[in-house]
There are 2 protein chains.
Amino acid sequence: MLSPEVAAPPLLHPERDELELPAVLHALSDPVRLRILADLASGEERSCKSFDLPVVKSTCTHHFRVLREAGVIRQRLEGTTRLNSLRREDLDARFPGLVDAVLGAPAL
Amino acid sequence: MLSPEVAAPPLLHPERDELELPAVLHALSDPVRLRILADLASGEERSCKSFDLPVVKSTCTHHFRVLREAGVIRQRLEGTTRLNSLRREDLDARFPGLVDAVLGAPAL
DNA sequence: CAAAACGTTCGATGACCGTCGTACAATTAG
DNA sequence: CTAATTGTACGACGGTCATCGAACGTTTTG
């Protein structure tokens, strides 16, 4: 109806040098989000639905947004799905060893 | 007045194999607590008061407790002071590389 | 076009968090 | 003994968080 020129800036991703350690650690301090991290560690792009998480859809949306806004994952639109991937290069560049340490933790 | 035999179990410290990754990451997701970690990285034992933190005493108590209960630091009573030290061996044993990665992060 | 699939948005709820100030307890110093 | 030092305990406050359910939008499928 109005302003079609400012259509949609939907997916906010911080730049690599904007990644903040407290925000990243907070994003990873939730068991559901740790599981998402572990599932993305292979490097694959995966849709939200392909994760078998113990929460309802809208809560998933919340967790993926927290991870994206902290710069942990990247979200890309593909049709009706969001493809999620780990921003491993950016994380490794800014916080060397952090992702490896988290992924190597017991009982993940 | 009663039961002097169960006098005081004051300082709770989780065992090494009880350290939980979400709890540790949450403990480290606060800037004040990250600063405490960085200040303890030398291995010294330091009193709470020796930290120059931008919060009042009771808030310091809170932050040191969060770190202790997550297993990040050890607190020992010495007279009227609490001596704090990093549980680096336990952390390194259970989450190899994690402390190093956090301490190596930029803008700490 | 209609229905299904995939996610988002919004509002609500109950829990927790970081902060402070005051009061208190314990030890040490005068 | 008194006063100072060091830290805790408690209550309050505003903010954020994780969760859900219901409604909606967009894209694919029938």
Integer-rounded Å distance: [N] [atom2] and [X] [atom1]:
| X | N | atom1 | atom2 | answer |
| --- | --- | --- | --- | --- |
| A:Leu83 | C:dC6 | CG | P | 12 Å |
| A:Leu53 | C:dC6 | CG | P | 15 Å |
| B:Phe64 | D:dT8 | CZ | P | 9 Å |
| A:Leu34 | D:dA18 | CG | C1' | 15 Å |
| A:Lys57 | D:dT26 | NZ | P | 15 Å |
| B:Ile36 | D:dG7 | CD1 | P | 12 Å |
| B:Leu11 | D:dG7 | CG | C1' | 11 Å |
| B:Leu77 | C:dA25 | CG | C1' | 13 Å |

Considering only [options], which nucleotide approaches the side chain of [X] most closely?
| X | options | value |
| --- | --- | --- |
| B:Thr80 | D:dT19, C:dT19, C:dT28 | C:dT28 |
| B:Thr81 | C:dG18, C:dC20, D:dT6 | D:dT6 |
| A:Thr59 | D:dG7, C:dG18, D:dT19 | D:dT19 |
| B:His26 | D:dT8, C:dC6, C:dC17 | C:dC17 |
| B:Arg82 | C:dT8, D:dC20, D:dG7 | D:dG7 |

Original post:
Is there a donor-acceptor pair under 3.5 Å between the side chain of A:Arg35 and the backbone N or O of A:Asp52?
Top reply: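 Confirmed, A:Arg35 side chain pairs with A:Asp52 backbone.
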Any side-chain N or O of [X] less than 4.0 Å from the OP1 or OP2 oxygen of [N]?
| X | N | answer |
| --- | --- | --- |
| B:Arg65 | D:dG7 | no |
| B:His63 | C:dT19 | yes |
| A:Thr61 | C:dC6 | no |

For a 4.5 angstrom cut-off between non-hydrogen side-chain atoms, does [X] reach [Y]?
| X | Y | result |
| --- | --- | --- |
| A:Arg33 | A:Val72 | no |
| B:Leu25 | B:Leu98 | yes |
| B:Asn84 | B:Arg46 | no |

Original post:
Which part of the nucleic acid, if any, lies within reach of B:Lys49 when heavy atoms closer than 4.0 Å are counted: base, sugar-phosphate only, or nothing?
Top reply: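 Sugar-phosphate contact only - B:Lys49 comes under 4.0 Å of backbone atoms but never of a base.
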**OP:** Over all heavy atoms of both residues, which pair between B:Leu37 and B:Leu28 is shortest? Give the atoms and the distance, please.
**Re:**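 Closest approach of B:Leu37 to B:Leu28, heavy atoms only: CD2-CD2, 4.2 Å.
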Original post:
Considering heavy-atom distances to DNA chain D, does A:Glu78 or A:Val56 have its closest nucleotide positioned more toward the 5' end?
Top reply: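 That would be A:Val56.
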**OP:** Find which nucleotide of DNA chain D each of A:His62 and B:His62 is nearest to by heavy atoms, and output the residue with the more 5' nucleotide.
**Re:**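 The answer here is B:His62.
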